[in-house]
Amino acid sequence: MYAISIDSGGTKVVGAVVDGDGNILTKKRYDIPERDGNFLIATFGDIISQYSGEYPISVVGIGGNGRIDPVEGVILNCGVHANWQGRHLRKELEDDFHIPVSVNNDCYCAIKGELWKGAARTYSVVVGIVIGTGLGGAMVSNGAFWHGAQFGAGEIGHMILHPDGLPCYCGQKGCVERYVSGTALWSNYNREVGADRLHSGYQFFEVLRSGDPAARKVMDAFVDDLSLVMVDISNLCNPDAFLIGGGISDTRVVWAEALERRFRERVCGCMKDTAIVYASMGNDAALLGAAKFGFERLKQTSEEDGI
């Protein structure tokens with residue numbers, strides 16, 4: 001059994017073929033020169049056409065930006081790409097290629113991949129926190145994702161951390177994402193020094209490693225804020241484990257020890273043993289998760305058809 005897996009981000013699309021055991025047989029990256037849904041659809045079509053000619057494909061799994069209805073495969077909300085919001089992605093692709101298609105949020109896919117083959121596979125109740133350019137997440141209990149009434153559950157990045165704090169693109173003020181994300185690190189550093197010096201998380205960590213005191217202050221605030229978010233989530237969800245992923249998790253050597261210490265100082269006694277684990281599958285996690293969602297959709301479709 002083989003799935004075409006597609007991980008669609010803000011600046012790139014990665015296509016792959018994944019077998020039923022979670023082996024990635026081939027993959028290819030496609031850069032996105034324009035943030036447009038029509039371009040994405042064309043790229044997805046190229047990937048499906050190519051791999052369908054090379055492998056006996058049973059299903060297509062896609063991880064995409066924004067709030068997504070995985071039941072109908074519809075993009076409900078997305079501010080990243082034009083011509084994307086409201087798109088019936090699953091129906092478009094199934095009509096064109098006559099292959100079952102699964103569509104899920106990209107953060108959900110990354111967490112699904114870690115649950116299947118990565119760092120979270122031994123835990124039952126998991127809260128995933130994906131820290132990259134922004135901050136996303138998901139809540140999972142015994143393999144089932146909690147989607148919420150409008151498929152918006154897990155928007156940890158838009159919990160209010162500092163009331164009346166920094167304005168967020170979502171319209172709120174003080175969102176977690178404005179303080180705990182790659183963008184938050186470099187933009188808050190610029191705010192701290194009163195100059196527009198940095199423009200990426202990579203630059204921030206270079207400055208941090210050089211011993212810059214302003215960078216250290218921003219990093220300490222990041223850890224303090226993230227620990228508080230995790231304490232609040234613990235009291236709401238009581239997970240076995242927090243799974244921390246995304247590009248910022250790759251820098252954990254400089255902040256993970258402090259995060260764990262601060263979390264355990266703050267959280268109530270009955271939750272002090274909550275595990276904190278870090279994503280182990282790297283950029284392949286979302287590809288694996290999208291494929292796994294696809295295999296599950298294929299099984300569901302077969303059962304509905306009485307096969």
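In what follows, residues are counted from 1 in the order of the sequence shown.
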Indicate yes or no for a side-chain donor-acceptor contact from [X] to the backbone of [Y] under 3.5 Å, with no hydrogens or angles considered.
X: Arg121; Y: Gly118; answer: yes
X: Tyr179; Y: Leu166; answer: yes
X: Asn190; Y: Arg197; answer: yes
X: Asp19; Y: Ile24; answer: no
X: Ser249; Y: Gly246; answer: yes
X: Glu177; Y: Leu135; answer: yes

Using side-chain heavy atoms (C-beta onward) and a distance below 4.5 Å, is [X] in contact with [Y]?
X: Ile233; Y: Phe242; answer: yes
X: Ile75; Y: His88; answer: no
X: Ile68; Y: Asn104; answer: no
X: Leu287; Y: Val14; answer: yes
X: Ile248; Y: Phe205; answer: yes
X: Met219; Y: Leu185; answer: yes
X: Phe293; Y: Phe145; answer: yes
X: Arg90; Y: Ser102; answer: no

Kindly compute the distance separating [atom1] ([X]) from [atom2] ([Y]), expressed to the nearest 0.5 Å.
X: Ile48; Y: Asp96; atom1: CD1; atom2: CG; value: 8.5 Å
X: Met159; Y: Cys175; atom1: CE; atom2: SG; value: 10.5 Å
X: Thr26; Y: Ile4; atom1: OG1; atom2: CD1; value: 11.0 Å
X: Ser124; Y: Leu115; atom1: OG; atom2: CG; value: 10.0 Å
X: His147; Y: Met139; atom1: NE2; atom2: CE; value: 10.5 Å
X: Ile111; Y: Glu114; atom1: CD1; atom2: CD; value: 9.0 Å

* To do: Name all residues meeting the ring-ring contact (aromatic ring centres under 6.0 Å, His included) criterion together with Phe222; count only those two or more places apart in sequence or in a different chain, and write none if there are none.
  =>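 Scan of Phe222 (ring-ring contact (aromatic ring centres under 6.0 Å, His included), adjacent residues dropped) gives Trp255.
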So, [X] and [Y], do they make that salt bridge, N to O below 4.0 Å?
X: Lys217; Y: Glu192; value: yes
X: Asp284; Y: Lys117; value: no
X: Glu94; Y: Arg297; value: yes
X: Asp7; Y: Lys12; value: yes
X: Arg252; Y: Glu260; value: no

Looking at every heavy atom in both [X] and [Y], which two are closest together, and how far apart are they?
X: Tyr278; Y: Ile276; answer: OH-CG2, 3.8 Å
X: Trp84; Y: Gly37; answer: CE3-CA, 3.5 Å
X: Ile156; Y: Gly137; answer: CD1-CA, 4.1 Å
X: Ser141; Y: Val125; answer: OG-CG2, 4.0 Å
X: Ala286; Y: Asp106; answer: CB-O, 4.3 Å
X: Ala119; Y: Ala279; answer: CB-CA, 4.5 Å

Counting heavy atoms not belonging to [X], are there more than 12 under 6.0 Å from its [atom1]?
X: Phe151; atom1: CZ; value: yes
X: Asp273; atom1: CG; value: no
X: Asp164; atom1: CG; value: no
X: Gln150; atom1: CD; value: no
X: Asp240; atom1: CG; value: yes
X: Glu54; atom1: CD; value: yes
X: Lys272; atom1: NZ; value: yes

* To do: Please lay out, stage by stage, how Val127 and Leu243 fare under the test side chain to side chain contact (heavy atoms under 4.5 Å, CB included).
  => CA-CA 6 Å; Val127 172; Leu243 167 70; over 6 Å; no
* Pair Lys112-Glu296, side chain to side chain contact (heavy atoms under 4.5 Å, CB included): steps then yes or no -> CA-CA 12 Å; Lys112 183 75 166 180; Glu296 290 176 356; 2.8 Å; yes
* Asked: Can you list every pair that meets side chain to side chain donor-acceptor pair (under 3.5 Å) and has a residue in residues 224-233, with sequence neighbours left out?
  ->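 Every pair satisfying side chain to side chain donor-acceptor pair (under 3.5 Å) with a residue in residues 224-233: His162-Asp225, Asp224-Arg262, Asp224-Arg266, Ser227-Arg266.
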* Asked: With sequence neighbours left out, which residue pairs that include part of residues 203-216 fulfil the side chain to side chain donor-acceptor pair (under 3.5 Å) condition?
  ->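 Non-adjacent pairs meeting side chain to side chain donor-acceptor pair (under 3.5 Å): Tyr189-Asp212, Arg216-Asp220.
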* With a 6.0 Å cut-off on ring centres, are His199 and Phe204 close enough? ->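 Ring centres of Phe204 and His199 not closer than 6.0 Å.
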* Relative to the ring of Tyr55, is the ring of Tyr2 parallel (under 30°), tilted (30 to 60°) or perpendicular (over 60°)? ->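 Ring orientation, 0 to 90° scale: tilted.
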* To do: Decide whether Asn38 and Arg87 meet the rule of one side-chain donor and one side-chain acceptor closer than 3.5 Å.
  =>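 Looking only at side-chain atoms, Arg87 and Asn38 do form a donor-acceptor pair, the distance falling under 3.5 Å.
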* Asked: Do Asp36 and His81 have side-chain N/O donor and acceptor atoms under 3.5 Å apart?
  ->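 Asp36 vs His81: no donor-acceptor pair found between side chains.
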* Sole candidate of Leu93, Leu298, Val60 that passes side chain to side chain contact (heavy atoms under 4.5 Å, CB included) when paired with Ile99 ->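 Between Ile99 and the candidates, side chain to side chain contact (heavy atoms under 4.5 Å, CB included) is satisfied uniquely by Val60.
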